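In what follows, a structure is listed as structure tokens, so that the remarks can point back to it.
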Amino acid sequence: MKAVFFDLDGTLLDTLPDIRRAMNYALAAYDGEEASEEDVRRYVGRGLHRALSQAVVEKHPKGLDEDEFELMFALMLNAYKRHPVVETVPYPGIPELLAELKEKGVKLGIVSNKADTVTQEIISSLLPSLFDFVSGENSRYPLKPDPSLLLHGLASVGSSPAEAVYIGDSEVDAVTGERAGVLTLIVSYGFRTKVELEENGINSPIDDVRALKEKLESLL
């Protein structure tokens, strides 16, 4: 394997507390109810815009028109951009795993549905100088589960899909990897539980970073 690519939220980093803070800031400004961490865990996976849209359905019963929603989203995104790394941390063992892969000459990449500016800032703050390719949501490629951005990232580091592994924590990632023709590993220590993943047809998700490391070592 030449390359290992990762999802970001729920795979490399626990970002829920900071996403929740920004979301609740925006909801409160429009008299919405507060979202719990478990609520936010359910919302995320397909970009912050969709996550907030789901939150509004549940936490703002009166609803918002399109213009009001876009203003609310701008408020949330601005709050998140200002403070993206307050409580966000890598999952235990992730920095060491990444360092070991890089030392072995493996190309490392991130493909996220999070806004690209926020993705870049978080990585530069918490996991700098480790990745050969990092991209979040941008206007050139559709969001996952469309595989276009993953395929672009692999090509940019000189890897074919057959020479790569993609790692994520959700059914969205499972579909993305399948559509890209990339061997895909799904972890259950992130934003989806093992039960939730299995209910979505994902067999034998990986329970912790140590097991992920062992699996990668067997492939490399």
Side-chain angles (χ1 to χ4, degrees), residues 1-15 45 47 84-85 88-191 202 204-206 208-220:
M1 294 292 173
K2 286 184 177 180
V4 178
F5 272 53
F6 297 86
D7 170 53
L8 182 60
D9 301 69
T11 302
L12 294 175
L13 305 176
D14 182 1
T15 56
V85 188
T88 292
V89 292
Y91 288 106
I94 284 295
E96 294 81 3
L97 172 61
L98 294 172
E100 289 178 19
L101 290 171
K102 189 171 183 65
E103 188 175 340
K104 291 178 180 179
V106 177
K107 299 295 185 180
L108 300 177
I110 290 174
V111 174
S112 175
N113 278 347
K114 186 190 296 292
D116 187 60
T117 54
V118 181
T119 299
Q120 301 291 345
E121 182 171 349
I122 290 173
I123 292 304
S124 65
S125 297
L126 295 178
L127 299 170
S129 306
L130 288 170
F131 293 95
D132 302 282
F133 179 88
V134 176
S135 182
E137 176 188 9
N138 62 74
S139 60
R140 291 171 294 170
Y141 298 96
L143 294 176
K144 299 181 293 183
D146 188 288
S148 301
L149 183 57
L150 175 56
L151 291 171
H152 167 68
L154 291 174
S156 74
V157 302
S159 173
S160 70
E163 298 168 316
V165 181
Y166 177 60
I167 302 165
D169 75 308
S170 72
E171 63 281 1
V172 174
D173 294 310
V175 174
T176 303
E178 180 181 3
R179 290 179 177 176
V182 177
L183 175 62
T184 302
L185 306 177
I186 301 297
V187 301
S188 59
Y189 57 75
F191 291 179
I202 299 168
S204 304
I206 296 172
D208 54 43
V209 175
R210 183 175 64 176
L212 176 60
K213 177 183 176 182
E214 291 173 355
K215 180 64 176 178
L216 287 174
E217 286 176 346
S218 74
L219 296 170
L220 298 172

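For reference, positions follow the sequence shown, starting with 1. Quick caveat, the model's predicted, so the values are computed rather than measured.
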**Prompt:** Do Thr176 side-chain atoms and Pro147 backbone N/O form a donor-acceptor pair below 3.5 Å?
**Reply:** no
**Request:** Look only at the side chain of Ser156 and the backbone of Gly153, and say whether a donor-acceptor pair between them is shorter than 3.5 Å.
**Result:** yes
**Message:** Could you report the tightest heavy-atom contact between Asp169 and Thr11, atom names first, then the distance?
**Reply:** N-OG1, 3.3 Å
**Asked** Going by heavy atoms in the side chains, are Tyr141 and Asp146 under 4.5 Å from each other?
**Response** no
**Request:** Give a yes or no on this: more than 12 heavy atoms of other residues, nucleotides or ligands lie within 6.0 Å of atom CD of Glu178.
**Result:** no
**Message:** Minimum heavy-atom separation for Val157 and Phe133, please, with both atom names.
**Reply:** CG1-CB, 4.1 Å
**Message:** Any heavy-atom pair between the side chains of Asp7 and Val172 that's under 4.5 Å?
**Reply:** no
**Request:** Mind running side-chain contact (heavy atoms from CB on, under 4.5 Å) on Ser170 and Ile186 for me, showing each step along the way?
**Result:** CA-CA 7 Å; Ser170 72; Ile186 301 297; over 6 Å; no
**Item:** Any donor-acceptor N/O pair, Glu137 side chain to Leu143 backbone, under 3.5 Å
**Value:** no
**Request:** To the nearest 0.5 Å, tell me how far Lys213 NZ sits from Glu100 CD.
**Result:** 3.5 Å
**Asked** Which heavy atom of Gly177 sits nearest a heavy atom of Thr184, and at what distance?
**Response** CA-OG1, 3.1 Å
**Item:** Distance (rounded to the nearest 0.5 Å) between Arg179 CZ and Leu150 CG
**Value:** 12.5 Å
**Message:** Which residue in the set Thr88, Ile94, Val89 passes side-chain contact (heavy atoms from CB on, under 4.5 Å) when paired with Leu13?
**Reply:** Thr88
**Item:** Min side-chain heavy-atom separation Asn113-Asp9 under 4.5 Å
**Value:** no
**Asked** From Ile123 CD1 over to Ser135 OG, what is the distance, rounded to the nearest 0.5 angstrom?
**Response** 11.5 Å
**Request:** Step by step, work out the side-chain contact (heavy atoms from CB on, under 4.5 Å) result for Leu216 and Val106.
**Result:** CA-CA 11 Å; Leu216 287 174; Val106 177; over 6 Å; no
**Message:** Less than 4.0 angstrom from a charged side-chain N to a carboxylate O is my criterion; do Lys144 and Asp173 meet it?
**Reply:** yes
**Request:** Apply the test side-chain contact (heavy atoms from CB on, under 4.5 Å) to residues Tyr91 and Val187: give CA-CA distance (whole Å), side-chain angles for both, the deciding distance (0.1 Å), then the verdict.
**Result:** CA-CA 12 Å; Tyr91 288 106; Val187 301; over 6 Å; no
**Fill in**
In this structure, CG of Leu185 is separated from CD1 of Ile202 (nearest 0.5 Å) by 11.5 Å
**Fill in**
Distance col, row Ile167:CD1 vs Phe5:CZ, nearest 0.5 angstrom, shows 11.5 Å
**Asked** So which heavy atom on Thr15 is nearest to which on Phe191, and how close?
**Response** OG1-CZ, 3.5 Å
**Item:** For Leu149 against Gly136, the heavy-atom pair lying closest together
**Value:** CD2-O, 3.8 Å
**Message:** Counting C-beta onward and ignoring hydrogens, is there a side-chain heavy-atom pair between Lys104 and Glu217 closer than 4.5 Å?
**Reply:** yes
**Item:** Side chain proximity check, Lys114 to Ile122, heavy atoms < 4.5 angstrom
**Value:** yes
**Message:** Taking the side chain as everything from C-beta on, heavy atoms only, tell me whether Met1 gets closer than 4.5 Å to Leu183.
**Reply:** yes
**Request:** Mind listing the closest non-hydrogen atom pair of Phe131 and Leu12 along with its distance?
**Result:** CZ-CD1, 3.8 Å
**Request:** Check whether any side-chain heavy atom of Lys102 sits under 4.5 Å from a side-chain heavy atom of Asp132, and report yes or no.
**Result:** yes
**Request:** Please step through side-chain contact (heavy atoms from CB on, under 4.5 Å) for the pair Leu101 and Leu220, ending with a clear verdict.
**Result:** CA-CA 9 Å; Leu101 290 171; Leu220 298 172; 3.2 Å; yes
**Ile110 side chain near Leu127 side chain, heavy-atom distance below 4.5 Å** = no
